[in-house]
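Positions are given from 1, in the same order as the sequence printed here.
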Amino acid sequence: MSQVHVCVIGGGAIGACVALELARRGARVTLLERGAELAWGCSAGNAGLICPSHYTPLANPASLRDGLRWMGKRDSPFYLRPRLAVLPWIVRFALAARPARSQAAGRVVQELARASLELHAALADEGLDTGLRRDGVLNVYFARESLEHAQREAEHNRRAGLESRILASDEMYELEPSLGPGAVGAVLYPGDAHCDPLRFVKAVGRAAEAAGVEIRTRVEALGFRRRAGRIEAVETTSGELRADEVVLATGAWTPGLARELGVFVPVEGGKGYHVDLEPAEGDPKLPVWLNETRVIATPLEGRLRLAGTLELAGLDLSVDRIRVGAIVRAAERGLPSLRGRRVLEVWRGLRPCTPDGLPIVGRPAGLANVVLATGHAMMGLTLAPVTGRLVAELLSGERPSHDLAPLSSDRFRPLLGRLRASAKA
């Protein structure tokens, strides 16, 4: 690829991994990030989990049921702010949440996640300072019904090759004494991992620069100059940039840029939060996922991170203190020693959510030199290395290491366009 110039738009976990993989194949790469540094958007903050055990896509029967039940509650784990523009997305979400479709999507996500975890480990073995720790994730349950469902899921995961341990309450408290009273059991996935997401993106960015990538921050892509089904140049806030190939890794902001190219991308911004607390003796030694409230406590260097909830909010980045308070209260119920702990940071970011819960990776029809890499929802950190590998394989003409058909952007069509086509027929 030594004669190919690739412009990667978006400097989050996905864009950084794409740039690194392309540069290592010999491409000349320019990475554009509109923020002041890499991971300026949603990649800087999340629970940091890299866990193939959590493979269920956002669109699943339980999410549909809970979403309807929680729709009017601002402090619920999954909140939908009523907006007319989100209705088509909800229709697609409901269709994708049917059991057969959700299970098929889950198999795709788990295959990608398992491969990506090994790529995370390979990057750490190379010496990239990502903070990777592969000491497991503890899933804790306070309701007997939830635990029984988790036990069935653990058995399914074991058949798929994922090691797990079902812990009775006494074993659970012995492993993690910081847990509060009332937990009925837990499932430990010892092969799962976690890292500091911001540290990961910066480490990958440094490796990409060392491989020859030009990283240009504070540069925003505004549009494109096209000719004969190809992009000739990217129009940016610092002028035009000519490129042979363009990769859109712009997360929740992808629909606007894709629209400039005539490509329909039904990605909604799902606002998530994290709250970093001052650490203390007795904090969890490995990530603890509190199932019923969907809140995760992750030990990171110099802080304990609480992360959780999802709010379909478009591109609104305001902080909802009710939702922040709900995360902290849920964590305090599960881990009582957190009460009164000093808050170091409250963060929010927009997860790019497709209605079927699968990311979009591939070339859209009708554009010869564009690749989309977006829509990873809460799995962006987990799937970043494998997404970088897939995009690099696609651009270098290699056979993709995973089937890209389920990830194609062409699986979506505007509902209005379908209605017009039906009317003409």
Can we say [X] and [Y] salt-bridge, meaning some charged N sits less than 4.0 Å from an Asp/Glu carboxylate O?
X	Y	value
R363	D410	no
R165	E171	no
E111	R107	no
E398	R25	yes
R399	E393	no
E21	R389	yes
R348	E311	no
R303	D196	yes
E163	R114	no
R411	D356	yes

Would you say the side chain of [Y] lies within less than 4.5 Å of the side chain of [X], judging by non-hydrogen atoms?
X	Y	value
L310	L58	yes
V263	L372	yes
T298	N46	no
S102	P61	yes
L394	V371	yes
R206	D129	yes
L395	V247	yes
S43	P197	no

Side chain [X], main chain [Y], donor-acceptor under 3.5 Å:
X	Y	value
T382	L49	yes
E268	A313	no
T30	E214	no
Y55	N157	no
D276	L344	no
D283	A280	yes
N291	V140	no
E33	T217	no

Distance-only polar pair, side chains of [X] and [Y], donor-acceptor under 3.5 Å:
X	Y	answer
E245	H5	no
T130	H120	no
Y273	D320	no
D192	H54	no
Q103	N60	no

Stepwise side-chain contact (heavy atoms from CB on, under 4.5 Å) test for E345 and H274:
CA-CA 8 Å; E345 181 189 40; H274 79 229; 3.1 Å; yes

Run V6 and V4 through side-chain contact (heavy atoms from CB on, under 4.5 Å) and show every step you take.
CA-CA 6 Å; V6 184; V4 178; 3.8 Å; yes

Between [atom1] of [X] and [atom2] of [Y], what distance do you get to the nearest 0.5 Å?
X	Y	atom1	atom2	answer
L132	D135	CG	CG	9.0 Å
R92	R413	CZ	CZ	10.5 Å
L198	E37	CG	CD	6.5 Å
L407	L390	CG	CG	7.5 Å
I296	R305	CD1	CZ	11.5 Å
T374	I9	OG1	CD1	12.0 Å

Within a radius of less than 6.0 Å around [atom1] of [X], do more than 12 heavy atoms belonging to other residues, nucleotides or ligands occur?
X	atom1	result
R259	CZ	no
R158	CZ	yes
E301	CD	no

Show the nearest heavy-atom pair for residues [X] and [Y], with the distance to one decimal.
X	Y	value
P352	C42	CD-SG, 4.1 Å
V391	A373	CG2-CB, 4.1 Å
A13	G380	CB-O, 4.4 Å
A249	I14	CB-CG2, 4.1 Å
L31	G15	CD1-O, 4.1 Å
G45	R351	O-NH2, 2.6 Å

Check the pair H194 / L286 against side-chain contact (heavy atoms from CB on, under 4.5 Å), numbers first and verdict last.
CA-CA 9 Å; H194 73 280; L286 71 165; 5.5 Å; no

Within 45° cone of W253 ring axis and under 6.0 Å: R34 NZ or CZ:
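The answer is yes; both the distance and angle limits are met.
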
Can you say whether the rings of Y141 and W289 are parallel (under 30°), tilted (30 to 60°) or perpendicular (over 60°)?
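Perpendicular.
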
By salt bridge (Lys or Arg N to Asp or Glu O under 4.0 Å) - contacts of R294 (at least two apart)
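By the salt bridge (Lys or Arg N to Asp or Glu O under 4.0 Å) rule, R294 matches D66.
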
Can you list the steps and then say if L179 with L335 is a side-chain contact (heavy atoms from CB on, under 4.5 Å)?
CA-CA 5 Å; L179 287 167; L335 300 160; 3.9 Å; yes

Before you tell me yes or no, could you show the steps for R134 and E118 under salt bridge (charged side-chain N to carboxylate O under 4.0 Å, His left out), namely the whole-Å CA-CA distance, both residues' side-chain angles and the distance that decides it to 0.1 Å?
CA-CA 11 Å; R134 199 168 183 177; E118 298 310 315; 2.8 Å; yes

